[in-house]
Number of protein chains: 2
Amino acid sequence: MKRTIATIRDVAVHAGVSVSTVSRVINGRGPTHTETTSRVRAVIAELGFRPNPAGRALKSARSDCLGVVLPALSDPCHAGTLAALESAACGYGRGVMIACGGGDDSECAAVERLLAHRVSGMILTVCDAGRSDALAMLDREGVPYVLAHNLPRRSAESGVGVAVATDPDAAALLLVDAMTGHGHRVVGNVASPEQPADWACRFADTLDRVLRARDLPPVLRFDRSALRAALAGPGAPSLLWCGGAVTAQALLRDLRDLGRMVPGDIAVIAGEGVVAPDLAPDLAPDLAVIASPTGAIGDRAVELLIAAIAGDDPVASVLLPPQFWPGQTLGTVRR
Amino acid sequence: MKRTIATIRDVAVHAGVSVSTVSRVINGRGPTHTETTSRVRAVIAELGFRPNPAGRALKSARSDCLGVVLPALSDPCHAGTLAALESAACGYGRGVMIACGGGDDSECAAVERLLAHRVSGMILTVCDAGRSDALAMLDREGVPYVLAHNLPRRSAESGVGVAVATDPDAAALLLVDAMTGHGHRVVGNVASPEQPADWACRFADTLDRVLRARDLPPVLRFDRSALRAALAGPGAPSLLWCGGAVTAQALLRDLRDLGRMVPGDIAVIAGEGVVAPDLAPDLAPDLAVIASPTGAIGDRAVELLIAAIAGDDPVASVLLPPQFWPGQTLGTVRR
DNA sequence: CTGAAAGCGCTTACAG
DNA sequence: CTGAAAGCGCTTACAG
């Protein structure tokens, strides 16, 4: 016994006007607020009328939904971004359709699904914005999109492929400042999957450059599995850096299993792929983090996408400063 | 320079048939697979034609999207559920629109937003299914919905308000077995917001009953802020239970700050509001958890909702057995 | 097995 | 300031 749903026609009849007039009232263009308008408004409220987006979409050929493509949502970092995106989109009266990727293969599948639903634009975090079939598809289709947590693509000059991300150079500087400030001179980098490849690459380049400029030894890179070996011998790092908080937590466990005290024997700092900010104090209370401003990234990404959809002047990418969360795991080396 | 999008009419013209025929091919009802069908299929592929959901929706008055309403997505538990739902919905060719709630107030707002988008049904996790304005609204609108992680509503007999959740009785039993199996006789319950009130209530009732039946002292309930006092004096619990993994992590920190060793001085076990299962080994390696089968809950919830939308016979609620993740924090009390 | 036609709910020029 | 009419892309009886 479903309720019949009121249509614009019902409203028109009840208000004693034409559907055109109702449409104008709904969309706020047309008659100045005379008695007619308020009468129509009253009927709309009375009938609980909601404009059917399908009817609308048929004209514009686009739904009023934004598509969001993210890697595994199980990662709190991406879940936090989604929360921010949803909240921001809501502010523009836009719905959010979600599709999760994984490998590059399913990134395409995710985009394809969203395309089938005719989202008016997409926000994506991809494995590597530099080489992404999913983005190529989007370019081909001419659907506006904004990257989140990836770096801008080269083609971004033309206005497509803009990105909103943490500034990788600033993050690298922050790391060096944090390490030297606490007396560390050698940093090891444990590979972590949380960061998009393009971002991580740029970050690593800058990091190496800054270290060299300060006469510090280059980064020692290795996998979690090579941890033991990497910590042995002279020249071993006194600080370990890894891309995301999830890997960091795993790393802390590895270190404990190896009998290394943190930060007594070895310090740890995580970056970028953060846990959801509001949970961080609970989930990772002691972990030092160079964090992404997830909320701001979500806000700006939606803002840019809305502008792109509206066909405004080509929007420019945004790099936001990272945030430093002090944590005990960073430790302090006595000279 | 957007590509013009192919319509069903374009396909019809190119294939030299009528739109009706194309429609039948797309929806797989009508002509048996003659030459016509394959010709139409070829043209569809060639043109990259995708049926416009808006055109479709206009007939059915419903989009082919499922709405999902969850409390803060920042909680990994809910993010995990969303991931499962998205994946399951995808299997049915359904898109997922997400809206986040929070207080009961914004639960309504979330439902309202999804309603405006004409989702064909919703899956929700609400604060308290027993008293929810959001669910009342759904009942009023006659939109099918399924609860996830909440318990079935009374009205569920009529087929509305069915739920998919972890079996609270089984979870309570599991807790008692785990505690007695490890030598614990007194359990304290730290209030945690992760669990929906209706579920937590039922769980607590059963827990008390089972403890009584086994001649064990009743649960000591208190807030995190009262932790110190609760642990002092005789009759203090040797095991702490809290609803979710996030609170559990915070609790572990509190205990450390109080100088209590886990599990040497005091044991900890978490329940229901789990971190995303695939991250658990990294984020909470040592934590003992009575976990919800998030993936299965997502699968079943979508399955039930799809059935409800199709107007199948009233579907029944599903209670799934919890999973026990052993962890060092549970400890063992020597007799 | 196939096609012509109506209609889903809305917006948008175009007349008044 | 307002209304009649066309049309967005699709599905669905209804004829052939």
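Residue numbers begin at 1 in each chain, while the letters A, B, ... track the order of the sequences. Below, all heavy atoms of this structure are taken into account, side chains as well, without hydrogens, waters or symmetry copies.
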Pairs in or reaching into residues 297-308 of chain B: which pass side chain to side chain donor-acceptor pair (under 3.5 Å), with residues at least two apart or in two chains? B:R300-B:E303
Represent DNA chain D in dot-bracket notation, 5' to 3'. Only Watson-Crick or G-U wobble pairs with both distances under 3.5 Å count; pseudoknot-style crossings use [ ] and interstrand partners use |. |||.||||||||.|||
Identify the heavy atoms of B:V126 and B:S132 that sit nearest to each other, and give their distance. CG1-OG, 4.3 Å
Considering only nitrogen or oxygen atoms on both sides, find all protein atoms under 3.5 Å from nucleotides 13-16 of chain D and state each distance.
none

Using atom names, set out every protein N or O paired with an N or O of nucleotides 6-9 of chain C below 3.5 Å, distance rounded to 0.1 Å.
residue	atom	partner	partner atom	Å
C:dG7	N2	B:K59	NZ	3.2
C:dG9	N2	A:G55	O	3.0

Side chain of B:S23 - closest among C:dG3, C:dT11, D:dT12: D:dT12
Is A:S317 reaching over with its side chain to a backbone N or O of A:V162, donor-acceptor style, under 3.5 angstrom? no
Within-4.5 Å side-chain heavy-atom neighbours: A:L135 and A:Y145: yes
Min side-chain heavy-atom separation B:V11-B:R41 under 4.5 Å: no
With a 4.5 Å heavy-atom cut-off, do A:H14 and A:V40 have their side chains touching? no
Tell me the interatomic distance from A:N27, atom CG, to C:dT12, atom P, rounded to whole angstroms. 7 Å
In a table with atom names and distances, give each donor-acceptor pair under 3.5 Å that connects a side chain of residues 42-49 of chain B to protein atoms at least two apart or in another chain.
none

Is the shortest distance from a Lys or Arg side-chain nitrogen in B:D133 or B:R140 to a carboxylate oxygen in the other one below 4.0 Å? no
Closer than 4.0 Å, any side-chain N/O of A:T21 to the OP1 or OP2 of D:dC1? no
Indicate every side-chain donor-acceptor pair of residues 108-119 of chain A with a distance under 3.5 Å to a residue at least two apart or in another chain.
residue	atom	partner	partner atom	Å
A:E112	OE2	B:R50	NE	2.9
A:E112	OE2	B:R50	NH2	3.4
A:R113	NH1	B:E86	OE2	2.6
A:R118	NH1	B:R50	O	3.3
A:R118	NH2	B:R50	O	3.2

Donor-acceptor pair, A:D10 side chain versus A:T7 backbone, under 3.5 Å? yes
